[in-house]
Amino acid sequence: MTIGQNMKAVAAAGIAIVLWTMTAISASAQNLPIVRDAEIEALLTDYATPIFKAAGISRKGIEIVLINSPTFNAFVDGRRIFINTGTIETAETPNEIVGVIAHESGHLAGGHQYRLREQIARAKTLAVVGSLIGLGAAAGGGIGGLDGAAKSGAGLATAAPSIAMRSLLSYKRGEEITADQAAVKYLNATGQSAKGMLDTFKRFSQESVLAGVNVNPYELSHPLPVDRIALMEELARKSPYFDKSDPPALQLRHDMARGKVAAYSGGAPEVARIFRDDPSNPGARYGKAISSYLRGNVTSALKDIDGLLAQQPNNPYLHEMKGEILLKARQPKKAAASFAKAAKLDRRNSGIIQAQLGFAYLSTGEPAQAKKAIKELRAALSSDPYNFAAYDYLSRAYAQNDDIANAELTQAEGNFIAGNIDDAKRFAIRALMKLPKGTPAWQRADDIVKYNKPKKK
Ligand SMILES: [Zn+2]
């Protein structure tokens with residue numbers, strides 16, 4: 001799992017859901033901590049694909065973007081669904097996340113929040129959303145009166161007087177109910193229960209009654225008055241699939257993802273907390289392995305990963321994690337073998353895993369391996385150009401191969417994709433002086449040098 005730091009203009013970076021093309025880079029996701037992880041991306045893709053199809057939005061290039069935040073939240077901005085890592089950690093079943101995705105798909109299919117989208121584009125609202133989350137915790141207050149508070153200029157509205165903020169708070173109640181109804185329709189069409197969605201809603205409404213002060217960001221973006229939940233419950237229970245549970249294989253993948261997120265967010269204690277009622281769950285062992293790895297205890301991490309691999313030998317992400325651990329143990333050749341296995345088993349051909357394989361080759365420091373690294377990293381970037389670390393690896397692989405011109409061109413392209421246009425031009429100028437004129441590489445450098453920044457609206 002890699003967490004982007006201070007990614008400028010990385011909007012499109014989220015989950016490169018395989019079927020869909022990336023949107024153009026937009027400035028709206030500035031500084032959002034976007035997480036890239038092959039395992040969770042594949043899982044969310046599998047959750048979303050049937051729902052998007054049922055919603056008739058599968059051709060619209062909808063992306064799911066994973067945000068590194070411990071709170072439960074999900075929201076849309078027109079073509080993207082943002083999901084916090086905390087949502088995965090909180091949800092006990094795949095069905096709960098599928099319900100969240102179904103509801104957000106209802107917003108997307110209904111073309112809701114058009115005005116909000118416009119404002120997001122203009123006001124870089126993702127930064128605003130960030131502060132909204134903070135505000136939710138600080139400002140407190142009940143959720144029932146959000147509209148009133150915003151209108152009267154009291155409380156939340158006073159604390160955050162921006163137009164974008166008010167617009168976020170005035171999510172249309174009617175749109176919420178429409179999205180709920182659409183969500184149940186999609187869930188029925190795909191033979192899934194709306195129980196997870198209902199449970200999620202109930203949990204939040206109960207929590208807000210009990211806790212009083214701690215308003216979850218999800219409630220700010222999706223107010224949950226009692227009558228909405230009652231309506232939802234009525235709809236959900238009508239479905240013939242209400243009592244249907246998730247397939248065990250999917251539940252296992254979900255548990256593994258929860259263990260991983262818990263390990264990254266709070267280490268072993270967090271993993272133990274999540275699985276306190278089910279300590280022998282493979283997700284718990286996975287989380288423990290990752291926690292050990294993160295603390296530098298590679299021996300313990302390898303023992304647990306190997307134990308899990310004995311039960312799930314064809315799980316590509318276990319091989320991937322083993323590769324990560326072996327890299328930390330300074331065994332790049334063995335790591336490369338693990339990543340190669342992971343890449344072979346990964347049906348989605350994730351560019352993330354391929355880039356890790358390239359990095360492992362590079363880490364051996366052997367010139368022959370640098371060539372293999374270049375090959376893997378180039379392929380990884382051509383399928384997934386929003387893997388920022390991969391540009392760095394590729395540039396180093398070129399440098400190790402004494403190809404400074406391409407090392408600089410790669411730096412230029414990585415900076416360009418990340419929105420660091422000035423740095424991109426600086427590297428492109430240097431590459432341009434060394435590359436044979438008229439070649440494709442020269443042309444790519446020339447394009448970056450000649451690129452004009454779009455004027456601010
Ligand atoms: Zn909603």
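Just follow the structure's listing: the first ligand is 1, and inside any ligand the first atom is 1.
With no hydrogens or angles considered, a side-chain donor-acceptor pair links Glu89 and Ser265 at under 3.5 Å. A donor-acceptor pair shorter than 3.5 Å can be found between the side chains of His107 and Glu176.
Counting just the N/O/S atoms of Glu176, the one with the shortest distance to the Zn ion (ligand 1) is named OE1.
Contacts of Arg258 classified as salt bridge (Lys or Arg N to Asp or Glu O under 4.0 Å), with partners at least two apart in sequence or in another chain: none. Considering only residues two or more places apart in sequence or on other chains, Tyr451 meets the ring-ring contact (aromatic ring centres under 6.0 Å, His included) condition with Phe416.
Here His107 contributes NE2 and His103 contributes NE2, and at the Zn ion (ligand 1) these two atoms make an angle of 100°, given to 10°.
For the Zn ion (ligand 1), the N/O/S atoms of Asp180 include none lying under 2.8 Å.
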